[in-house]
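Within every chain, numbering begins at 1; the chains are lettered A, B, ... in the order of the sequence lines, protein sequences first and strands thereafter.
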There are 2 protein chains.
Amino acid sequence: MAKIKSNRTSTRKDVIISKAAILFREKGYSATSMRDLAEHVGVEAASLYNHISSKAEILQEICFRVATNFMTHIEEVEQSKKSEIEKIEAILRYHIKMMIERYEEVYVSDREWKHLTDPYLSNMQGQRRAYRQRIGKIIEDGIQKGEIKKIDAPTAVLIMLHAVSGIESWHRSKRKIEGDQLENSMVEILVGGLQKP
Amino acid sequence: MAKIKSNRTSTRKDVIISKAAILFREKGYSATSMRDLAEHVGVEAASLYNHISSKAEILQEICFRVATNFMTHIEEVEQSKKSEIEKIEAILRYHIKMMIERYEEVYVSDREWKHLTDPYLSNMQGQRRAYRQRIGKIIEDGIQKGEIKKIDAPTAVLIMLHAVSGIESWHRSKRKIEGDQLENSMVEILVGGLQKP
DNA sequence: AATAAAAGCTAACAATCGTTAGGAGGAAAT
DNA sequence: ATTTCCTCCTAACGATTGTTAGCTTTTATT
């Protein structure tokens with residue numbers, strides 16, 4: 001018998017979920033089988049069901065944990081006394097940090113949420129839309145205050161959020177560049193643009 | 001009996017592939033079944049195999065058609081007499097146009113290529129890496145000529161390419177903004193940045 | 001009108017899927 | 001020492017997966 005390792009800080013369920021996040025990222029939710037997951041956890045497939053109620057529940061946990069994190073953070077930023085461009089930069093930096101430090105979950109949450117089923121699917125769609133609109137609002141405020149160029153705010157949001165998900169390639173290639181450096185480069189390019197002034 | 005419609009320009013195989021692209025985008029490659037696809041084509045699942053040899057082949061066709069398109073285009077751009085920043089802009093505009101006009105294929109090619117199997121998987125990984133490096137080279141040339149800011153070129157490539165895939169949300173939301181406008185906004189933001197000079 | 005080729009059908013295959021039932025072994029609580 | 005709970009196991013279920021075989025029907029060619 002091979003029990004799932006459990007320290008004080010992480011329950012057996014947490015172990016399953018974090019292993020699942022790795023597999024979901026590598027192969028996608030649908031292409032990952034419960035027997036696959038079980039093997040990586042070191043247990044038979046049926047044993048997983050002592051800790052989770054379904055495969056769908058695992059995806060739900062991953063997606064909503066991440067979504068809650070971002071929602072909490074954007075609220076803090078909104079209530080801070082930063083300028084609008086600083087708020088955008090703070091949000092950007094948070095996304096990059098999350099993508100670097102909690103790569104698996106964040107990536108899965110971003111790419112696999114479509115496989116949620118309905119009460120959760122609608123909820124997630126709503127949260128994502130709301131999140132984008134809140135960033136859009138900050139950008140529009142920034143434009144009105146003259147801090148930010150007169151650009152199409154929803155397009156800017158879309159670029160910001162998707163640019164960050166490119167960190168995936170960074171994770172794969174493991175170039176010499178450090179995480180902090182990556183963060184600064186990304187912020188510089190997105191905030192400052194490519195062209196020399 | 002319901003035969004697959006075929007005009008002069010598109011074979012039955014093409015019809016299957018383009019329907020498959022729609023489904024692969026909506027639900028992902030793994031979550032799309034051959035019976036699913038058959039239903040949307042208007043035929044029984046087994047009948048598909050008179051036109052294609054496997055599910056995998058469909059994904060291969062989609063991915064390599066798109067990859068070839070981008071490869072051909074970047075070669076044209078490289079050999080043109082544009083400045084480096086203009087080359088980057090041309091590549092960017094091509095990506096945006098492709099993402100708008102041939103959404104399904106391009107999106108699937110970008111997100112589902114991981115499900116290719118091995119001679120094709122390695123080939124695609126190689127092509128993607130080569131493509132990124134060629135863009136990176138243009139950026140580095142641009143930096144050396146003083147046209148482009150001193151930024152980390154691979155990071156800039158990563159941002160460019162992933163920003164474009166954000167057009168997905170544009171497709172879904174169908175905002176009032178037109179394709180041309182979207183293209184211009186994206187180029188302006190990526191080339192010029194958010195911040196007011 | 002006869003024939004060949006193309007494209008459809010039904011039925012079925014082996015494999016794999018998520019999940020459940022029922023029981024065994026070990027740890028914690030009594 | 002006995003009971004209770006937790007975790008794991010084996011075995012199996014019904015459903016679905018991609019695909020093949022064999023036959024029929026439609027379309028194209030002669």
Side-chain angles (χ1 to χ4, degrees), chain A residues 1-21 23-24 26-63 108 112 114-118 120-121, chain B residues 1-21 23-24 26-63 108 112 114-118 120-121:
Chain A
M1 178 168 310
K3 289 233 175 136
I4 298 178
K5 182 187 95 179
S6 76
N7 2 6
R8 293 284 164 278
T9 52
S10 71
T11 68
R12 284 160 167 77
K13 185 170 177 177
D14 288 331
V15 173
I16 291 174
I17 290 177
S18 79
K19 290 279 183 191
L23 292 174
F24 289 175
E26 282 174 1
K27 333 186 1 168
Y29 174 76
S30 296
T32 302
S33 73
M34 293 301 275
R35 288 171 178 82
D36 234 11
L37 172 56
E39 195 175 337
H40 280 81
V41 170
V43 113
E44 290 299 314
S47 304
L48 296 173
Y49 288 85
N50 288 307
H51 307 282
I52 50 113
S53 67
S54 67
K55 186 184 177 185
E57 192 209 8
I58 300 177
L59 184 61
Q60 289 156 25
E61 292 262 5
I62 294 172
C63 290
V108 168
E112 305 292 326
K114 285 186 186 177
H115 295 101
L116 291 169
T117 47
D118 213 352
Y120 305 98
L121 179 60
Chain B
M1 177 166 309
K3 287 236 176 129
I4 299 176
K5 184 185 92 178
S6 75
N7 1 7
R8 293 285 164 280
T9 54
S10 71
T11 68
R12 284 158 166 80
K13 185 171 177 176
D14 288 332
V15 172
I16 292 173
I17 290 177
S18 79
K19 290 278 182 192
L23 292 175
F24 289 175
E26 283 175 0
K27 330 183 5 167
Y29 174 76
S30 296
T32 302
S33 73
M34 293 303 273
R35 287 168 179 83
D36 233 11
L37 172 57
E39 196 175 336
H40 280 79
V41 169
V43 112
E44 290 298 314
S47 304
L48 296 172
Y49 289 84
N50 287 310
H51 307 283
I52 51 113
S53 68
S54 67
K55 185 184 179 186
E57 192 210 5
I58 300 177
L59 184 62
Q60 289 156 22
E61 291 263 4
I62 293 173
C63 291
V108 168
E112 305 292 326
K114 285 187 188 179
H115 295 102
L116 291 169
T117 47
D118 209 355
Y120 305 98
L121 179 60

Pairwise N/O distances under 3.5 Å, protein to nucleotides 11-15 of chain C:
residue : atom : partner : partner atom : Å
C/dA12  : N6   : B/R35   : NH2          : 3.3

Exercise for review: Looking only at side-chain atoms of B/S54, point me to the closest of D/dT19, C/dT19, D/dT7.
Suggested key: D/dT19
When the distance from [atom1] of [X] to [atom2] of [N] is rounded to whole Å, what number comes out?
X	N	atom1	atom2	result
A/E44	D/dT7	CD	P	17 Å
A/N50	C/dA24	CG	P	16 Å
B/L48	C/dA6	CG	P	18 Å
B/K13	C/dG8	NZ	C1'	18 Å
B/Y49	C/dT10	OH	P	17 Å

Check your understanding: Taking only side-chain nitrogens and oxygens of A/H51, does any of them come within less than 4.0 Å of OP1 or OP2 of D/dC8?
Key -> yes
Review point. Are OP1 or OP2 of D/dC9 and a side-chain N or O of A/S47 less than 4.0 angstrom apart?
Key: yes
Check your understanding: Contact class for A/S33 (heavy atom, under 4.0 Å): base, sugar-phosphate, or nothing?
Key -> sugar-phosphate
**Study point:** Sugar-phosphate, base or nothing in reach of B/S30, heavy atoms under 4.0 Å
**Key:** nothing
Point to revise | Inter-axis angle, terminal five-pair segments of the helix from C/dA1-D/dT30 to C/dA29-D/dT2 [nearest 10°] | key: 10°
Exercise for review: May I ask you to check whether over 12 heavy atoms, not counting those of A/E39, lie within 6.0 Å of atom CD?
Suggested key: no
